[in-house]
2 protein chains.
Amino acid sequence: MMNEDALKELVAAVGPENVMNDQASKYLFGRGAVDSFSGTPDVVVHVTDREQVSKVVKVAYKYGIPVVTRGSGSSVTGAVAPSRGGIVLDLKALDKIKVDVENGIVEAEVGASVLDVDRECNKYGFFFPPDPASARIASIGGALAENSGGMRGARYGVMRDWVLKIEVVLSDGTVTYFGESTYKNRAGYDLLGLMVGSEGTLGIITKAWLKIMPLPEKIIRIAGFFNTLNDAADAIYRIRVRDRINPLILEYTDMEGIKAANAVKGLHYPELPGGMVLVDVDGHAGGVEKAAEKVVNVMKETHAAEIIVPDTKEKFDEIAEVRRVAFTAPGHLYPGFIDGDIAVPLSRVKDALLRIAEIRKKYNVFITTVGHAGDGNLHPNIGADPKNADEWERAKKAAYEINIMAIELGGTVSAEHGIGKLKEDVLLKQFEVRQQMPVYKLMKEIKRVFDPKGILNPDKYALSDQA
Amino acid sequence: MMNEDALKELVAAVGPENVMNDQASKYLFGRGAVDSFSGTPDVVVHVTDREQVSKVVKVAYKYGIPVVTRGSGSSVTGAVAPSRGGIVLDLKALDKIKVDVENGIVEAEVGASVLDVDRECNKYGFFFPPDPASARIASIGGALAENSGGMRGARYGVMRDWVLKIEVVLSDGTVTYFGESTYKNRAGYDLLGLMVGSEGTLGIITKAWLKIMPLPEKIIRIAGFFNTLNDAADAIYRIRVRDRINPLILEYTDMEGIKAANAVKGLHYPELPGGMVLVDVDGHAGGVEKAAEKVVNVMKETHAAEIIVPDTKEKFDEIAEVRRVAFTAPGHLYPGFIDGDIAVPLSRVKDALLRIAEIRKKYNVFITTVGHAGDGNLHPNIGADPKNADEWERAKKAAYEINIMAIELGGTVSAEHGIGKLKEDVLLKQFEVRQQMPVYKLMKEIKRVFDPKGILNPDKYALSDQA
């Protein structure tokens, strides 16, 4: 239980109406998007500006109270689950967005959703490239904390590539800034990059200055449906590597994913064993048609059974929705969800898809595999019932084996969703296999430098011996 | 002088022929590309592989000997000048390059030049986007240590955006790896990013796994020459921001730079007070012509006095050479050179150009200003004679005032060339103005974590109180 004095100081800092310790608040704010990781905070503190964040963190620092920072709570790795009571700090109300067209920048407070930031940019003829599937709900702060990517990652990378500067509240409540709001900056070590992907363990980001891009003149979307995984993987490989087409997006959805999306959304896309390869090409009008033609030709040559080029805005959106829904389908169809987020070298995407199919069979579990195939990033997500001990055990074993497979193929256990609680064991495994234990040691020392009292999101990211 | 035992161990590690302490070696390896910063090492150690690097660093760690790591020595900030004797570690012989087309990666040892890496990729229809003006000589290791950019930065950013994984020798000689050779990776804190731009103060990079890109189908180059800085700046602003053209390169060269390049190379490009705006548009054939038309129209509307669209490979290369030569011109024309490397928010490029013109007048010094205008990154480089005390003093004052001006405009004192010795004072000034002194404190603590004995490139980067 929280110290009485600390509680009084929190109430003084943000007002009694913003310090909640009712059961509903503690339940709701005790978990992210998956139920398997949860905890119970002592209090949920709602803040509306940076000053309040600083005040709250000062109290936490003074009394050594754990602080779990939360945006929209869409984490699938347990990163937002409080492990030791303490404070869940809700930043969702910090949601101001200001597009600075003159400087090609958008200033966004961290509670704003990624999609709202993108839409605000659209009004000015610009867009914000990172587009995690969860963009509608995912907050900018969460996306930065996890270094999220998205479909446009094939061309535009991840959050790290688009953030120029952040406002940060350090573990003692000090406010400072990492980076500069210029397109290039070499003033000091890259602590900005260090903060991105640190999952709330090093400091609390309250605002970000992000680069934006002019909207492309034209986008053409092409979906190919394949009879075999081999053919689909060949198409991916040729588009991304051999034929050097440089698409805007290059996405994969397997048959199970398509089936699930069709079922959930009442759609009728082809349910073929090779799944769907979804490609956007973009650019200046005149050139983009030629690129689309190339993609169609590659798909024909790799034996696509059906090729769809949506000719209305509705169909254009709908087919991407299949890919999005396929990701969350295991969570719609089963009470329990285990996130998959591996990346492998581009040439191993085929092997990864085939191995996932084997693992699905071996453990007899429900897996949909979707992914940013153009980046070698696959999401083999598992649905199972945690109350069915046998099924849940098989699901966990399958997830573990998929991660080990990623390491064996020269890949990584986390591409864009982070570590949280979910992947602590396989992260350490990967460090070990790759001769990176010295890196892990440095990580722990850096954690100590930023958070000497160990109050920031403790027990996550394999750093729990920090406390 | 170096301890006798240490010397013996170095000789045992790499062979007597690779431990040089003759005067010529000590002179040559005691400086980078500018003479104003130099030192005298006790020995220059030439190594040919990672194992030798590790052995040498182990000796240095054991005896507390400073190690200045050196690629091609093209640094303009004093980053490679030894300040306390010790070892200059020459990595130029680590120059293997292996293009891995299958995975869209090039593996390069750090002594390879950036241009050689690019050329090797070209053989396979790919290219390596970062292209610092010094690419012909600059090593991959130096470019990583400085987080270099280049002309294609308008589209493709800096080294940080293209490096996936590095092999690193830590300060105690341990070999490890930061990052993974996948296009995405979230395993652990971003220590890879921390190493990039750390100027040899945190560890020694021996090899890098870099992303590569398919060569664009077609590039059209357009050069506009302007009567006033105002018009040139308007053209830059419209191309980059207002008209949302998204060029591959967007470069600026001022009149003094063009004059100098014409003189040095015997060329005859227009020497107008507004200088030259150089633009490449690229993409799929068919679309790129339309983009070029847009650029030409913008230049006409912003009153370009002359527009050149090179129609031969020779002219295409020559006009970019004007931009490149203009950068180094002050060094050709004067015995002393002071590097300028500011970045300002995009909307302030015009103000920066006008202020530089004022500063030139005020101090009556020779400045050429070129730059990656599309990134807000300008290089106002100064030529002067260090033996002429008055002239050199004026040059240094002008350089200082330009840096302060950058800070005032919301910019940064270093965009892509780093801090070294040259910008320590203005780096601290910037940290102070931007409420970033807590960041500086964290930097120093991180330096201590990585290099507890303070042997890696000491006295640089405003970290000299580390020793």
Side-chain angles (χ1 to χ4, degrees), chain A residues 102-104 125 147 149 158 161 170 174 176-178 180-191 193-194 196-198 214 241 244 246 283-288 290-291 343-347 375-377 410-416 418 427 430 434-436 438-439 442-443 445-446 449, chain B residues 102-104 125 147 149 158 161 170 174 176-178 180-191 193-194 196-198 214 241 244 246 283-288 290-291 343-347 375-377 410-416 418 427 430 434-436 438-439 442-443 445-446 449:
Chain A
E102 299 256 308
N103 290 307
N147 198 13
V158 290
D161 302 314
L170 298 176
T174 306
T176 189
Y177 299 87
F178 292 2
E180 296 289 352
S181 56
T182 50
Y183 269 36
K184 277 170 156 179
N185 177 39
R186 261 302 322 284
Y189 289 159
D190 183 15
L191 302 190
L194 193 61
V196 176
S198 66
V241 182
R244 305 190 295 275
N246 193 17
H284 304 294
V288 65
K290 292 189 186 170
V344 294
L346 295 182
S347 68
D375 297 321
N377 178 194
T412 180
V413 299
S414 180
E416 56 174 14
L427 172 69
Q430 183 171 329
R434 297 279 158 71
Q435 299 174 50
Q436 295 187 356
V439 175
L442 289 166
M443 264 183 73
E445 292 180 38
I446 287 171
V449 163
Chain B
E102 299 257 308
N103 291 307
N147 198 12
V158 290
D161 301 314
L170 299 175
T174 306
T176 189
Y177 299 87
F178 291 4
E180 295 289 352
S181 55
T182 50
Y183 269 35
K184 280 170 156 177
N185 177 38
R186 262 301 322 284
Y189 289 159
D190 183 15
L191 302 191
L194 193 59
V196 176
S198 65
V241 182
R244 305 191 295 275
N246 193 18
H284 304 293
V288 64
K290 292 190 185 169
V344 295
L346 295 182
S347 68
D375 298 321
N377 178 194
T412 181
V413 298
S414 180
E416 55 174 15
L427 172 70
Q430 183 171 328
R434 296 281 158 72
Q435 299 174 49
Q436 295 187 358
V439 175
L442 289 166
M443 261 183 77
E445 292 181 39
I446 287 171
V449 163

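If you're wondering where the values come from, they're calculated on a predicted model, not measured in any experiment. Letters go in sequence order (proteins before strands), and every chain restarts at 1.
For the residue pair B:Arg186 and A:Asn147, the shortest heavy atom distance occurs at CD-CB, 3.6 Å. Closest of all the heavy-atom pairs between B:Asn246 and A:Pro214 is CB-CG, 4.1 Å. Looking at every heavy atom in both residues, B:Gly104 comes nearest to A:Leu346 through N-CD1, 4.3 Å. The shortest non-hydrogen separation linking A:Asn185 to B:Gln430 is OD1-NE2, 4.1 Å. Here the shortest heavy-atom pairing between A:Ala343 and B:Lys184 reads CB-O, 3.6 Å. The minimum heavy-atom distance linking A:Leu170 with B:Pro438 is given by the pair CD1-CB, 3.9 Å.
One distance of note links CG of B:Leu194 with CG of A:Leu191; it measures 6.5 Å at 0.5 Å rounding. The CG atom of A:Leu442 sits 8.0 Å away from atom OG1 of B:Thr176, with the distance rounded to the nearest 0.5 Å.
Panel note: side chain B:Arg434, backbone A:Tyr177; no donor-acceptor pair is recorded below 3.5 Å.
Interface remark: of the candidates B:Gly149, B:Gly193, B:Gly197, B:Gly197 forms the most heavy-atom pairs closer than 4.5 Å to chain A. Chain B forms the most heavy-atom pairs under 4.5 Å with one residue out of A:Ser181, A:Gly410, A:Gly125, and that residue is A:Gly125. Interface summary for chain A: among B:Val413, B:Val344, B:Val196, the most heavy-atom pairs under 4.5 angstrom belong to B:Val344. When B:Gly283, B:Ala285, B:Gly376, B:Gly411 are compared by the number of non-hydrogen pairs under 4.5 Å with chain A, B:Ala285 comes out ahead.
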Note to self: side-chain contact (heavy atoms from CB on, under 4.5 Å) for B:Val439 and A:Phe178? Distances and angles first, verdict last.
What the structure shows: CA-CA 7 Å; B:Val439 175; A:Phe178 292 2; 3.2 Å; yes
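A:Val158 touches chain B through its side chain: at least one heavy atom from C-beta onward sits under 4.5 Å away, while N, CA, C and O do not. Proximity to chain B (any heavy atom under 4.5 Å) is restricted, for A:Thr174, to the side chain, taken from C-beta onward. Looking at A:Asn103, the atoms closer than 4.5 Å to chain B (heavy atoms on both sides) sit in the backbone and in the side chain alike. The contact between B:Glu180 and chain A is made entirely by side chain atoms (from C-beta outward), counting heavy-atom distances below 4.5 Å.
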